[in-house]
Number of protein chains: 2
Amino acid sequence: MTEKQENILNAALKLFATEGYASTSTSKVAKEAGVSEGLIFRHFKNKEGLLNVIREKSSEAGKAMMADIVMTSDPKEVIRKILELPYYIEKENYEMWRLTYALKWQTDNYDTSYSDPVKVVLREAFSKLGYEDPAAEAEIILMLMDGAATAVLLHEPENKLDILMALKLKYKL
Amino acid sequence: MTEKQENILNAALKLFATEGYASTSTSKVAKEAGVSEGLIFRHFKNKEGLLNVIREKSSEAGKAMMADIVMTSDPKEVIRKILELPYYIEKENYEMWRLTYALKWQTDNYDTSYSDPVKVVLREAFSKLGYEDPAAEAEIILMLMDGAATAVLLHEPENKLDILMALKLKYKL
DNA sequence: TTTAGTAGTGAGTAATCACTTACAAATGTA
DNA sequence: TACATTTGTAAGTGATTACTCACTACTAAA
């Protein structure tokens, strides 16, 4: 991965995340990256290829975060880690997550590859804890995580820590 | 509102919701609506004007749904109604909500005008019920609603009713 | 019946789109 | 050094974009 390739990827991530994939032109990406427009096509074949590389990187980052959770055996620990995820997104990864969440609403684009294994682990966790409907509880936790991530990414509530505390209390963590 | 105007609005809503605002051309909207492209600009000035009319209609629909909740006095009833919202979205309104949720991720576009009053009512409700941190609880309910709506709109979980039941149980409704 | 305003169209417009091509510069490799 | 490959650019390409313009058809009031 050369320096200019990374410049292109960084510029594309920034622009796709803030202005949207469809409304970001390849010429704008090139200008932001400080390279000629043709270089984008040399390295990434086409605009979608560029998006796919970014998506793949994001997907890997997501899987890495989930991998730790999937290996956790203590059920309360599993739930705690998932609830904490949105509140420990690092500033430098905001754009990546914004883009990921925005792309969810594109028609073709629904990927369960790294939420499915978590769902399984969650069901086991709630089962161990004696909850009545572990499948429903797993779904609820994921909804909660999704809603929390959306809130953090879009309007960053000022009582973040209070919310997380109240959440933990709910699950007696 | 003439018939052709409504045709344009319906076509635009459908296409904006399924393919995205930026990647839907005015010519595509015109074709879908069965009118000349020029008519769109006669009636709605420009592409953004067309979107704004749709947005305004959606916003009114949203406010109407919230109005009932804001006037409810019984605290448990307030919470129940909000949690139920995503599970009673009518099929005919799916496109409207999909578009609303997708547009949230557009930069300029964060509108709290009809979630703010609900937040106030929720805080009161949790306060009345003796919860320790009503502000955080209100935020959590809204996150839950948001996550549930996202789930329903994007992948329509097959255990919808179980989830809703488990949710109600959590708040002793 | 004249007049005026609105509804509607089809053929334009310049600008921008994603992408290609021809070629030069840099880099590796024998 | 000689040669092959990769990296990079500038100037294109046709297609599509949002939008305009000149015009006709229709409706309603004076």
Side-chain angles (χ1 to χ4, degrees), chain A residues 1-58 95-96 98-100 102-103 105-109, chain B residues 1-58 95-96 98-100 102-103 105-109:
Chain A
M1 188 77 58
T2 69
E3 193 191 324
K4 299 213 173 185
Q5 277 184 65
E6 293 209 4
N7 288 349
I8 292 170
L9 284 174
N10 290 336
L13 172 59
K14 175 182 168 187
L15 292 170
F16 290 171
T18 54
E19 311 192 4
Y21 171 71
S23 38
T24 300
S25 65
T26 49
S27 77
K28 217 190 281 177
V29 173
K31 196 171 286 180
E32 174 80 23
V35 300
S36 67
E37 198 181 349
L39 194 59
I40 293 174
F41 297 92
R42 162 123 301 153
H43 284 312
F44 303 100
K45 191 182 173 195
N46 53 32
K47 193 186 172 187
E48 208 193 331
L50 176 56
L51 176 64
N52 284 338
V53 171
I54 293 174
R55 250 206 299 231
E56 215 163 302
K57 285 192 159 201
S58 304
E95 280 165 0
M96 193 196 87
R98 266 194 78 105
L99 181 59
T100 302
L103 285 176
W105 297 95
Q106 224 106 337
T107 27
D108 47 338
N109 204 329
Chain B
M1 189 77 56
T2 69
E3 194 191 325
K4 300 212 171 186
Q5 276 183 65
E6 294 210 5
N7 287 348
I8 293 171
L9 284 174
N10 290 336
L13 172 60
K14 176 181 167 187
L15 292 170
F16 289 170
T18 53
E19 312 191 2
Y21 170 71
S23 38
T24 300
S25 65
T26 49
S27 78
K28 217 190 281 177
V29 173
K31 197 172 284 177
E32 174 80 22
V35 300
S36 67
E37 199 182 348
L39 194 59
I40 293 174
F41 296 91
R42 159 124 308 157
H43 285 311
F44 303 99
K45 191 181 174 196
N46 52 32
K47 194 186 172 187
E48 208 192 331
L50 175 56
L51 176 64
N52 285 337
V53 171
I54 293 174
R55 251 208 297 233
E56 215 162 302
K57 284 192 160 201
S58 303
E95 279 164 359
M96 194 195 88
R98 265 194 79 105
L99 181 59
T100 302
L103 285 176
W105 298 94
Q106 224 105 336
T107 28
D108 48 338
N109 203 326

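All values below come from the heavy atoms of this structure, side chains included, with hydrogens, waters and symmetry mates left out. Naming: A, B, ... by sequence-line order, numbering from 1 per chain.
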**Asked** Closer than 4.0 Å, any side-chain N/O of H43(A) to the OP1 or OP2 of dG8(D)?
**Response** yes
**Prompt:** Separation of K28(A) atom NZ from dC19(C) atom C1', in whole Å?
**Reply:** 18 Å
**Request:** Would you please confirm or rule out a distance under 4.0 Å between OP1 or OP2 of dA18(C) and any side-chain N or O of K45(A)?
**Result:** no
**Asked** F41(A) CZ to dA10(D) P: how many Å, rounded?
**Response** 16 Å
**Request:** Using whole Å, report how far CD1 of I40(A) lies from P of dC17(C).
**Result:** 12 Å
**Request:** Ignoring backbone atoms, establish whether S27(A) has a side-chain N or O less than 4.0 Å from OP1 or OP2 of dT16(C).
**Result:** no
**Prompt:** Does V35(B) or N46(A) map to a spot on DNA chain C nearer the 5' end, using the closest nucleotide for each?
**Reply:** V35(B)
**Message:** So N7(B) and T2(B), do their side chains get closer than 4.5 Å, heavy atoms only?
**Reply:** no
**Prompt:** How many Å lie between CG on L39(A) and P on dT21(C), as a whole number?
**Reply:** 17 Å
**Request:** Give a yes or no on whether the backbone of M96(A) and the side-chain of K57(A) come within a donor-acceptor separation of less than 3.5 Å.
**Result:** no
**Item:** R98(A) side-chain N/O to W105(B) backbone N/O, donor-acceptor pair under 3.5 Å
**Value:** yes
**Item:** Length of the line joining K31(A):NZ and dA10(D):C1', which is rounded to integer Å
**Value:** 14 Å
**Prompt:** Is the closest side-chain donor-acceptor distance between S27(B) and E37(B) under 3.5 Å?
**Reply:** no
**Request:** Using atom CZ of R42(B) as one end and atom P of dA22(D) as the other, report the distance to the nearest whole Å.
**Result:** 13 Å
**Message:** Working note: L103(B) + L51(B), criterion side-chain contact (heavy atoms from CB on, under 4.5 Å); need CA distance, chi angles, decisive distance, verdict.
**Reply:** CA-CA 10 Å; L103(B) 285 176; L51(B) 176 64; 4.0 Å; yes
**Message:** For T2(B) and T24(A), find the nucleotide of DNA chain C closest to each by heavy atoms; which residue's nucleotide sits nearer the 5' end?
**Reply:** T2(B)
**Request:** Take atom CD1 of I8(B) and atom C1' of dC19(D), then tell me their distance rounded to the nearest Å.
**Result:** 14 Å
**Message:** Measuring to OP1 and OP2 of dA18(C), would you say a side-chain N or O of T26(A) lies under 4.0 angstrom away?
**Reply:** yes
**Asked** Does the side chain of S36(A) get closer than 4.0 angstrom to OP1 or OP2 of dA10(D) through an N or O atom?
**Response** no
**Request:** Check the distance between dG12(C)'s C1' and E37(B)'s CD and give it to me in whole angstrom.
**Result:** 11 Å
